[in-house]
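Working notes, beginning with the structure itself.
Just the heavy atoms: all of them, side chains too, but no hydrogens, waters or symmetry mates, feed the values below.
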Amino acid sequence: MKILVTGGAGFIGSNFVCHTLEQGHHVINVDKLTYAGRLDNLGPYYNHTNHLFYKVDICQRNAIDQIISKHQPDVILHMAAESHVDRSIDCADDFIQTNVVGTHHLLDASLKYYKSTEDKKKFRFIHLSTDEVFGALGPTGKFNETMPYRPSSPYAASKASSDLLVRSYHHTYGLPTLIVNASNNYGLSQYPEKLIPLTILNALEHKPLPVYGNGQQIRDWLFVKDHVRALHKIMTHGKIGESYCVGSDNEISNLMLVKNICKILDNLKPSSHHSPYESLISFVTDRPGHDFRYATDASKLKQHTGWQPEVEFENGLKETVHWYLNHYDRMSEQQARKRIGLG
């Protein structure tokens with residue numbers, strides 16, 4: 001297939017691009033290269049014969065029109081987004097612009113192309129979203145595709161808005177769309193503002209490991225490689241007009257997650273300060289509107305596509321820690337740039 005990917009230099013995007021090229025597909029990669037999108041996330045795959053890269057903002061409508069018209073993709077996979085809740089609380093402008101306005105521009109460009117293409121049966125527009133659009137859960141239950149949207153943060157609200165736009169383009173214009181609502185991802189190449197890489201890098205630098213509130217907030221963690229496999233299944237077996245929740249049943253509190261990372265680091269790279277990394281845990285003021293619990297039911301995805309997660313959480317977490325240890329210099333440089341406001 002010929003797949004146009006937006007946000008293909010980001011965390012999930014770069015993992016998807018690399019895997020997709022390995023599978024023999026062609027990738028047209030469109031990324032604005034903001035602070036979290038970096039070409040070195042692609043490694044040697046950047047120069048792959050089947051990879052074309054465009055540094056373009058999805059809000060640049062004319063440029064997007066030209067790229068789609070030139071390459072005539074079989075699938076458009078829309079992953080470009082502002083995604084960090086804390087940043088959306090500080091200022092939501094970029095989230096509205098990219099996640100809502102940018103999605104609208106991409107939908108319009110895709111619809112224009114879809115109307116002009118002769119082989120309409122194979123085209124798909126797949127929109128990557130989040131389980132955070134559903135709001136917060138209590139102690140029991142899981143998110144599924146029938147639940148109402150109740151976003152708590154400006155980030156989640158912007159993604160909910162983009163989901164509704166995608167849905168409207170299917171119902172109003174017949175654009176063949178699918179929506180993917182995924183749980184928290186973790187794995188290789190994630191930008192160090194997110195909890196897992198931040199914990200690893202701060203521990204290695206013997207800095208405080210910040211945990212919001214009492215750390216009892218619960219998340220369902222999905223290994224990025226399993227997510228990528230799910231996206232491929234949805235591309236080939238997903239039903240047009242449907243939405244799919246993706247999760248791995250790996251619920252764990254933030255505090256326990258940080259403690260588990262500390263234990264892995266204690267074994268792999270003991271602290272030079274001769275104390276367990278867990279001693280660095282620092283409880284900080286909880287962020288406004290912090291949802292208590294997310295958990296995602298992937299039953300529909302499994303039934304429709306046959307997808308199953310393959311990576312056990314403990315193994316995925318160890319692989320992630322190993323990766324950050326092996327790429328410490330590059331990732332710590334990104335973290336330093338973030339602290340001084342450059343990313």
Sidechain-backbone polar pair: [X] side chain, [Y] backbone, donor-acceptor under 3.5 Å:
X	Y	result
Lys120	Lys115	yes
Asn184	Trp221	no
His170	Leu175	yes
His25	Met1	yes
Asn29	Gly8	yes
Asp226	Val311	yes
Asp31	Ala9	yes

request  = Applying side-chain contact (heavy atoms from CB on, under 4.5 Å) between His104 and each of Asp108, Val101, Leu107, report the one that passes.
outcome  = Asp108
Heavy-atom distance under 4.5 Å between the side chains of [X] and [Y], does that happen here?
X	Y	answer
Glu310	Arg229	yes
His237	Trp307	no
Asn202	Pro210	yes

task = Measure up the Tyr173 and Tyr169 rings against each other and bin them: parallel (under 30°), tilted (30 to 60°), perpendicular (over 60°).
result = tilted
message = For the NZ atom on Lys318, are there more than 12 heavy atoms of other groups (residues, nucleotides or ligands in this structure) within a distance under 6.0 Å?
response = no
ask   = Is it true that atom CD of Glu312 has more than 12 heavy atoms of other residues, nucleotides or ligands lying nearer than 6.0 Å?
value = no
Aromatic Tyr149 / basic Arg167 pairing, under 6.0 angstrom, 45° off normal = yes
request  = Examine Arg219 relative to Tyr186 and say whether NZ or CZ is less than 6.0 Å from the centre of the six-membered ring and inside a 45° cone about the ring axis.
outcome  = no
inquiry  = Evaluate Val17 against Asn41 for side-chain contact (heavy atoms from CB on, under 4.5 Å), listing each step before the verdict.
reply    = CA-CA 10 Å; Val17 167; Asn41 286 341; over 6 Å; no
Taking all atoms of both residues into account, what is the closest heavy-atom pair of [X] and [Y], and its distance?
X	Y	result
Cys245	Phe134	SG-CE1, 4.0 Å
Arg287	Ile89	CD-CD1, 4.2 Å
Ser299	Asp297	OG-OD1, 2.5 Å
Ser129	Ile179	CB-CG2, 4.3 Å

query = How long is the gap from CD1 on Ile64 to CD on Gln60, to the nearest 0.5 Å?
reply = 7.5 Å
inquiry  = For the SG atom of Cys91 and the CG atom of Asp86, what is their distance to the nearest 0.5 Å?
reply    = 13.5 Å
inquiry  = For Tyr113 together with Phe123, are the ring centres under 6.0 Å from each other?
reply    = yes
message = For His227 and Phe16, I'd like to know if the aromatic rings sit close, meaning centre-to-centre distance below 6.0 Å.
response = no
request  = Would you kindly say whether Asn181 and Asp163 are connected by a side-chain donor-acceptor distance under 3.5 Å?
outcome  = yes
query = Any luck finding a side-chain donor-acceptor pair between Tyr244 and His304 under 3.5 Å?
reply = yes
message = side-chain contact (heavy atoms from CB on, under 4.5 Å) for Phe11 and Ser83? Distances and angles first, verdict last.
response = CA-CA 11 Å; Phe11 166 45; Ser83 65; over 6 Å; no
query = Hey, quick one: are Val30 and Leu77 part of the same hydrophobic cluster, counting side-chain heavy atoms closer than 4.5 Å, chains of contacts allowed?
reply = no
request  = Applying side-chain contact (heavy atoms from CB on, under 4.5 Å), name anything that partners Thr34, two or more places apart in sequence or on another chain.
outcome  = Lys32, Glu82
message = For residues 59-90, which residue pairs pass the ring-ring contact (aromatic ring centres under 6.0 Å, His included) check, not counting sequence neighbours?
response = Tyr54-His71, His78-His127
key: side-chain contact (heavy atoms from CB on, under 4.5 Å) between Phe143 and Tyr294, intermediate numbers included   = CA-CA 7 Å; Phe143 297 132; Tyr294 302 147; 3.7 Å; yes
Would you mind writing out the side-chain donor-acceptor pairs for residues 254-270 within the sub-3.5 Å range, not counting sequence neighbours?
{"from": "Asp266", "atom 1": "OD1", "to": "Tyr277", "atom 2": "N", "distance (Å)": "3.2"}
{"from": "Asn267", "atom 1": "ND2", "to": "Lys263", "atom 2": "O", "distance (Å)": "3.4"}

inquiry  = What verdict does the side-chain contact (heavy atoms from CB on, under 4.5 Å) test give for Phe125 and Leu106, after you've listed the backbone C-alpha separation in whole Å, the side-chain angles of each residue and the deciding distance to 0.1 Å?
reply    = CA-CA 10 Å; Phe125 182 102; Leu106 189 63; 3.9 Å; yes
